[in-house]
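Ligands are counted one by one from 1 in listed order, and the atoms in each one are counted from 1 as well. Values below: all heavy atoms of this structure, side chains included; hydrogens, waters and symmetry mates excluded.
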Amino acid sequence: MTGFEESVSPPARVAGPGEGISLDELRLAARNHAMPLEALRYEITPIGLHYLLTHYDIPFVDPFEWRLTIDGDVQRALSLGLAELRARAQVSRVVTLECAGNGRALLQPRPVSQPWLTEAVGTAEWTGTPLAPLLREAGIGSAAVDVAFTGADHGVERGVEQDYRRGLSLDDALREDVLLVHTMNGQPLPPQHGAPLRLLVPGWYGMTQVKWLTRISVLDVPFDGYQNATAYRIAKEAGDAGEPVTRIRPRALLQPPGHPDFQTRARVLDRGVHELTGRAWSGWAPVARVEVSVDGGRNWNDAEIGPQPDAYAWRPWRLPWAATAPGHYELAVRATDAAGNVQPSDPDWNRQGMANNQVQRVPVTVR
Ligand SMILES: Nc1nc2c(c(=O)[nH]1)N[C@H]1C(S)=C(S)[C@@H](COP(=O)(O)O)O[C@H]1N2
Ligand SMILES: [Mo]
């Protein structure tokens, strides 16, 4: 071993006791930004406020040269340009995306990677064409089991050089709500969100939503690529294969009330009645309940939940809070979905820091 491979792409690790955020983590955090919590007031997140996660570099893709290939275990491979995709049936859906690593930096010990807190989320109105009719037109082979989606971006991860690529089971790929989208909030997809075309699988964590899509391959063997087999697993021990990350666990977020301190973001608000508001979502089932605590999770009160704009979009909630006595409070909020999944108070720790939907806590001082 020369050490060359490890210096180019170090193995996954967990931070040691007391080890602070490193420059490597800061570099990732500065490229991949979260949604500012005050943007919870928008049902549709303005494009520049939507969270962003890109493993490698944002590739430059010329939309006029670009074509999508559909190949593999199909009767006839297809090659489609953007105009052909836009000429097909068009569907718009409001869908909340969340990075599977959201909540990672709150874990103890901390898995070293993109250090998200709670707000790696955003909701857009996405427009594009359903995937299933395209796969059927190509003629799905009788032995097909999985479908692989490849992006135009390329990099190295834990020593494995690769194009970003994710697999889905054929059944999941054929769901009618899976789209190939070219438009976000009525605008052509911007470069950072996958121009000119990305995959949209409503309800699934972000890694599934392949950006800069160039190729869709139908496979007659299970997909065993890096992003499914190695990354995006929920495992406690190194070397344990664990479980794949799939759908989004329930989460509610609170728009922090009052005003923040610049450096610490500690919050102050004036004595009086404040309406606490936020949004909640789950990729498993609609959100059925949102509860708010103003005493750090000892007592919970049901919030009023507003309408859900689409099956996999977040829904608003609100609860008035009579903050009559000056002092320090810890606000917390938790969501329960109709399948009975509830946010835990304490994290369900795993080595890669995936799907940590522990409740958000917001300390405030009432003056
Ligand atoms: N081609 C490609 N697609 C990708 C990624 C990537 O690095 N390359 N990142 C994934 C991850 S981990 C997430 S969370 C979402 C983020 O989507 P956004 O940046 O549009 O919010 O894109 C997914 N699609
Ligand atoms: Mo992600």
* To do: Give the residue and atom name of whichever protein heavy atom lies nearest to atom 7 (O) of ligand 1, and the separation in Å to one decimal.
  => His55 N, 2.8 Å
* Of all the non-hydrogen atoms in the protein, which one sits nearest to atom 19 (O) of ligand 1, and at what distance? -> Lys211 NZ, 2.6 Å
* **Between Tyr56 and Glu157, a side-chain donor and acceptor under 3.5 Å** => yes
* Asked: Would a distance-only check, ignoring hydrogens and angles, find a side-chain to backbone donor-acceptor pair under 3.5 Å from Gln209 to Val201?
  -> yes
* Would you check if Leu213 and Arg198 make a side-chain contact, meaning some heavy-atom pair closer than 4.5 Å? => no
* Asked: Is Tyr232 in contact with ligand 1, taking contact as a heavy-atom separation below 4.0 Å?
  -> yes
Identify each donor-acceptor pair in which a side-chain atom of residues 337-349 lies under 3.5 Å from a protein atom, sequence neighbours left out, and give them as a table.
residue: Asp337; atom: OD1; partner: Ala339; partner atom: N; Å: 2.9
residue: Asp337; atom: OD1; partner: Gly340; partner atom: N; Å: 3.1
residue: Asp337; atom: OD1; partner: Asn341; partner atom: N; Å: 2.9
residue: Asp337; atom: OD1; partner: Asn341; partner atom: ND2; Å: 3.2
residue: Asp337; atom: OD2; partner: Ser282; partner atom: OG; Å: 2.7
residue: Asp337; atom: OD2; partner: Asn341; partner atom: ND2; Å: 2.9
residue: Gln343; atom: OE1; partner: Ala252; partner atom: N; Å: 2.7
residue: Gln343; atom: OE1; partner: Ala335; partner atom: N; Å: 2.9
residue: Gln343; atom: NE2; partner: Asn357; partner atom: O; Å: 2.9
residue: Asp348; atom: OD1; partner: Lys236; partner atom: NZ; Å: 3.0
residue: Trp349; atom: NE1; partner: Pro109; partner atom: O; Å: 2.7

* To do: Specify the protein heavy atom at minimum distance from atom 15 (C) of ligand 1: its residue, its atom name, and the distance to 0.1 Å.
  => Gly206 O, 3.4 Å
* Tell me, which protein residue and heavy-atom name are nearest atom 22 (O) of ligand 1, and how many Å apart are they? -> Arg198 NH2, 3.4 Å
* To do: Indicate yes or no for a side-chain donor-acceptor contact from Arg104 to the backbone of Pro115 under 3.5 Å, with no hydrogens or angles considered.
  => no
* State the atoms of ligand 1, each with its element, that fall below the 4.0 Å cut-off from a heavy-atom position in His50. => 21 (O)
* To do: Please name all residues satisfying ring-ring contact (aromatic ring centres under 6.0 Å, His included) with Tyr164, sequence neighbours left out, ordered by chain then number.
  => His55
* Asked: Are side-chain N/O atoms of Thr45 and His50 paired as donor and acceptor at under 3.5 Å?
  -> no
* **Nearest neighbour in protein (non-hydrogen) for atom 14 (S) of ligand 1** => Tyr51 OH, 3.0 Å
* Asked: Any salt bridge between Lys211 and Asp153, counting N to O under 4.0 Å?
  -> no
* To do: Please report which non-hydrogen protein atom sits nearest to atom 1 (N) of ligand 1, along with the residue it belongs to and the distance in Å to one decimal place.
  => Asp153 OD1, 2.8 Å
* Asked: Going by the atom numbers of ligand 1, which of them fall below 4.0 Å from some non-hydrogen atom of Thr54?
  -> 7 (O)
* Would you mind listing which atoms of ligand 1 come within a distance below 4.0 Å of any non-hydrogen atom of Cys99? => 14 (S)
* Structure fact -> closest protein heavy atom to atom 9 (N) of ligand 1 is Leu53 O, 3.4 Å
* To do: Name the closest protein heavy atom to atom 24 (N) of ligand 1, giving the residue it belongs to and the distance to 0.1 Å.
  => Gln209 O, 3.0 Å
